[in-house]
Amino acid sequence: MATKPQLRILLVDDDVDTVHVVRYTLQKVDPATILDVAGSREELVTHLERAVKPYYNLLLLDLMLEGELNGLSLVDLIRSYPNTRLMPIVALSFRDDHQTVQASYHQRVNSYLQKPETLEEWERVMLALTNYWKVSALPSE
C-alpha cells in the first residue's frame, strides 16, 4: 500500500478548551497531522480563501458556535469554494439526539461524531479519525 501524505485538517471551533484537546490528542496520536483552526466565521473564510491544492483533507465542524445559529449554517459557505466543495466535513457536537444527527446529514456533512467526554476517549476518536482518512480515497478536485 502506498504511503499517504500527511493529513491537513481544518477545525472550526470557538471553544478554546476543545481546540486545545483536539490539538493535543492529534499531536499525540499522529504528530505528522497538520491542524489549522478557525474560531469564527471570519477566520473560516480566511482559511477557505487561501485553500489551494493540496487543500485540507478534512474539516471538523463544531455545531455550537458562538454567534452562529449553529455550525451547520456554515456548510453551504464551505461547499461554495471550489477547492473545498468536495472536502469531507465531520460534524462535532456534545449532542447525540436524533434530530441533530439527521439535520447534520441533511445539510450534507459526511459524518457526525459526538464529542468525547474524556481525554482517553478523544485520543481513541482522533486515532480512528486519522487512521481512516489516511487510507480513504480523497477527492482530487
Side-chain angles (χ1 to χ4, degrees), residues 1-2 4-141:
M1 177 182 289
K4 294 282 186 173
Q6 69 187 145
L7 293 176
R8 185 173 192 117
I9 297 173
L10 178 58
L11 171 64
V12 181
D13 199 316
D14 59 356
D15 180 74
V16 176
D17 292 332
T18 300
V19 170
H20 177 73
V21 168
V22 170
R23 189 178 305 283
Y24 172 80
T25 55
L26 274 176
Q27 180 64 34
K28 187 170 181 181
V29 302
D30 188 10
T33 295
I34 297 169
L35 179 68
D36 289 336
V37 177
S40 68
R41 179 186 177 93
E42 293 76 24
E43 288 178 11
L44 174 61
V45 168
T46 299
H47 284 285
L48 295 177
E49 287 178 349
R50 71 171 195 223
V52 295
K53 294 180 183 179
Y55 54 94
Y56 296 105
N57 304 102
L58 181 65
L59 187 140
L60 302 177
L61 178 63
D62 179 33
L63 296 187
M64 300 303 207
L65 297 170
E66 191 71 31
E68 302 284 345
L69 290 176
N70 62 53
L72 292 178
S73 66
L74 299 175
V75 174
D76 286 336
L77 173 67
I78 295 161
R79 299 276 190 230
S80 72
Y81 285 81
N83 288 330
T84 58
R85 69 182 177 88
L86 298 177
M87 179 179 52
I89 298 173
V90 176
L92 297 173
S93 179
F94 284 113
R95 299 180 65 174
D96 67 348
D97 60 281
H98 178 74
Q99 183 176 0
T100 303
V101 174
Q102 287 298 101
S104 299
Y105 285 111
H106 282 289
Q107 193 61 31
R108 299 183 340 235
V109 302
N110 300 90
S111 185
Y112 183 96
L113 291 175
Q114 185 177 7
K115 287 183 177 181
E117 294 183 11
T118 68
L119 189 58
E120 293 77 21
E121 290 171 346
W122 271 107
E123 288 176 18
R124 283 193 295 274
V125 166
M126 290 296 111
L127 180 61
L129 194 70
T130 56
N131 284 341
Y132 177 79
W133 290 107
K134 281 183 181 179
V135 299
S136 296
L138 295 169
S140 60
E141 60 174 320

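Numbers for residues simply follow the sequence, beginning at 1.
- Atoms CG and CD, from Leu48 and Glu43 in turn, are 12.0 Å apart once rounded to the nearest 0.5 Å.
- For the atom pair CG of Leu74 and CG of Leu65, the computed distance is 6.0 Å after rounding to the nearest 0.5 Å.
- The CG atom of Leu92 sits 9.0 Å away from atom CG of Leu59, with the distance rounded to the nearest 0.5 Å.
- For residues 118-132, the pairs satisfying side chain to side chain donor-acceptor pair (under 3.5 Å) are Lys28-Glu123, with sequence neighbours left out.
- Between Met126 and Leu129 the shortest side-chain heavy-atom distance falls below 4.5 Å.
- The residue from Ile34, Ile9, Asp36, Leu11 that alone fulfils the side-chain contact (heavy atoms from CB on, under 4.5 Å) condition with Tyr56 is Asp36.
- Taking both residues in full, the closest heavy atoms of Leu10 and Ala38 are given as CD1-N, 4.1 Å, listed atom of the first, atom of the second, then distance.
- Nearest heavy atoms, Gly39 versus Asp14: O-CB, 3.1 Å.
- One distance of note links CG of Asp13 with CG of Leu60; it measures 9.0 Å at 0.5 Å rounding.
- The side-chain heavy atoms of Arg95 and Tyr112, taken from C-beta on, include a pair separated by under 4.5 Å.
- Interatomic distance, CH2 of Trp133 versus OG1 of Thr33, reported as 13.5 Å (0.5 Å rounding).
- For the pair Asp15 and Lys115, the salt-bridge criterion is not met [side-chain N within less than 4.0 Å of a carboxylate O].
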**OP:** Would you please test Asp76 and Arg108 for side chain to side chain contact (heavy atoms under 4.5 Å, CB included) and show each step?
**Re:** CA-CA 9 Å; Asp76 286 336; Arg108 299 183 340 235; 3.8 Å; yes
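- Side chains of Arg41 and Val12 form no contact here, defined as non-hydrogen atoms less than 4.5 Å apart.
- The shortest distance between side-chain heavy atoms of Gln114 and Val101 does not fall below 4.5 Å.
- Here the OG1-CG distance, from Thr100 to Leu72, works out to 8.5 Å after rounding to the nearest 0.5 Å.
- Pairing each heavy atom of Gln107 with each of Val75, the nearest pair is O-CG1, 3.2 Å.
- Thr46 places a side-chain N or O within donor-acceptor distance of the main-chain N or O of Glu42, the cut-off being under 3.5 Å.
- Between Ile89 and Arg79 the shortest side-chain heavy-atom distance falls below 4.5 Å.
- Using a 4.5 Å heavy-atom threshold, the side chains of Val37 and Arg23 count as touching.
- Between Leu35 and Val19 there is no side-chain heavy-atom pair separated by less than 4.5 Å.
- Checking each of Leu58, Val109, Asn110 against Val90 for a side-chain contact (heavy atoms from CB on, under 4.5 Å) leaves exactly one that passes, namely Leu58.
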